[in-house]
Each structure stands twice: as C-alpha cells, then as structure tokens.
Amino acid sequence: MLKKILATAALTIGGALLLAPTASAAPEDNPFGPQDWTDHFVSAFDPAAYSSASDRSLIISPFGTSQQIDCSSFHARTWCTQNGRGLTQIRIPTGSSEWDYRTLFVYNPF
C-alpha cells in the first residue's frame with residue numbers, strides 16, 4: 001500500500017514538473033553595452049574631425065565609420081569593436097589636465 005502511494009506521488013510530481021511552463025523572460029538590454037556608438041566617431045582622415053566634428057572620438061580603421069562600431073562601458077572604462085575585432089584605445093592629451101584628452105581608436109585586425 002505504501003509503495004502505491006509513493007508511486008502515485010512520484011508520478012504526480014513528475015507529471016507536474018514536465019507540464020510546468022518554463023521561464024521565458026525576455027532578454028533585457030544590457031546597460032553597459034555593447035551598443036551602437038557609430039555616431040560618436042569620425043574618421044581621423046576626415047577634415048571635419050578637426051573642425052565641426054571635433055567633439056567625436058577619432059577612428060583609424062579600413063572601414064572608417066561605414067561599418068557599425070559597438071562599444072561597452074563599465075566603471076569609466078570603455079572598449080569598442082568593429083566587425084568583431086577590437087579597437088585599441090589611445091588617449092591624446094589636449095590640455096594641461098588629466099581629463100583633457102581626445103580618444104583615438106585604432107582597428108586591430110588580429
């Protein structure tokens with residue numbers, strides 16, 4: 001009799017587990033990235049980089065800004081990729097303060 005009760009309980013619990021809906025939460029946007037930042041860049045060879053677009057980061061890449069540039073940022077650290085390849089970040093001093101700089105990103109093909 002005890003075996004029948006345990007078997008029935010096991011089957012009931014097993015059936016409930018099989019029929020229970022699985023969690024299917026929608027993926028949330030990661031606030032740290034990667035996100036499309038292409039609009040924040042200008043090619044270092046574009047004359048506008050040194051006049052009207054001087055507030056943007058510079059990029060030296062065989063693709064320029066024609067291919068999407070994805071960046072992630074966390075705790076004041078930023079890293080970017082283009083076509084799945086890393087962009088090496090170089091800070092160019094533009095003033096006397098540690099915070100006065102312009103960022104240059106160079107495409108790393110390896």
- Task: Only counting residues at least two apart or in another chain, list the ones meeting ring-ring contact (aromatic ring centres under 6.0 Å, His included) with Phe74.
- Result: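 Partners of Phe74 under the ring-ring contact (aromatic ring centres under 6.0 Å, His included) test: Phe32.
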
- Query: Residues two or more places apart in sequence or in another chain: which of them pass ring-ring contact (aromatic ring centres under 6.0 Å, His included) with Tyr50?
  - Reply: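 In terms of ring-ring contact (aromatic ring centres under 6.0 Å, His included), with neighbours along the sequence ignored, Tyr50 is linked to no residue.
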
Rounded to the nearest 0.5 Å, what's the gap from [atom1] on [X] to [atom2] on [Y]? Could you check?
X     : Y      : atom1 : atom2 : answer
Ile90 : Thr103 : CD1   : OG1   : 10.0 Å
Ser57 : Leu104 : OG    : CG    : 9.0 Å
Asp70 : Gln35  : CG    : CD    : 9.5 Å
Arg85 : Gln67  : CZ    : CD    : 13.0 Å

- Is Tyr101 linked to Leu58 within one hydrophobic cluster, defined over Ile, Leu, Val, Met, Phe, Trp and Tyr using a side-chain heavy-atom separation of less than 4.5 Å?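 No, it is not one cluster - the side chains of Tyr101 and Leu58 are not joined through contacts under 4.5 Å.
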
- Joint hydrophobic cluster, Phe63 plus Ile59, side-chain heavy atoms closer than 4.5 Å: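 Yes; Ile59 is reachable from Phe63 via cluster members.
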
- Any Thr88 side-chain heavy atom under 4.5 Å of Phe105 side chain: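 A side-chain contact under 4.5 Å is absent here.
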
- Would you check if Gln82 and Tyr107 make a side-chain contact, meaning some heavy-atom pair closer than 4.5 Å?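 In contact.
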
- Message: Can a donor-acceptor pair be found, under 3.5 Å and without considering hydrogens, that links the side chain of Asn108 to the backbone of Phe110?
- Response: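 At least one qualifying donor-acceptor pair exists.
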
- Query: If only atom types and distance count, is the side chain of Arg102 paired as donor or acceptor with the main-chain N or O of Arg56 below 3.5 Å?
  - Reply: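 Yes; judged by distance alone, with no hydrogens or angles, the pair exists.
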
Show me the donor-acceptor pairs within less than 3.5 Å that the side chains of residues 37-45 make with the rest of the protein, sequence neighbours left out.
unit_1 : atom_1 : unit_2 : atom_2 : d
Thr38  : OG1    : Asp36  : OD1    : 2.6
Thr38  : OG1    : Ile69  : N      : 2.8
Ser43  : OG     : Phe45  : N      : 3.2

- Task: Return the minimal non-hydrogen interatomic distance between Ser73 and Thr78, and the atom names on each side.
- Result: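 Nearest heavy atoms, Ser73 then Thr78: OG-OG1, 3.4 Å.
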
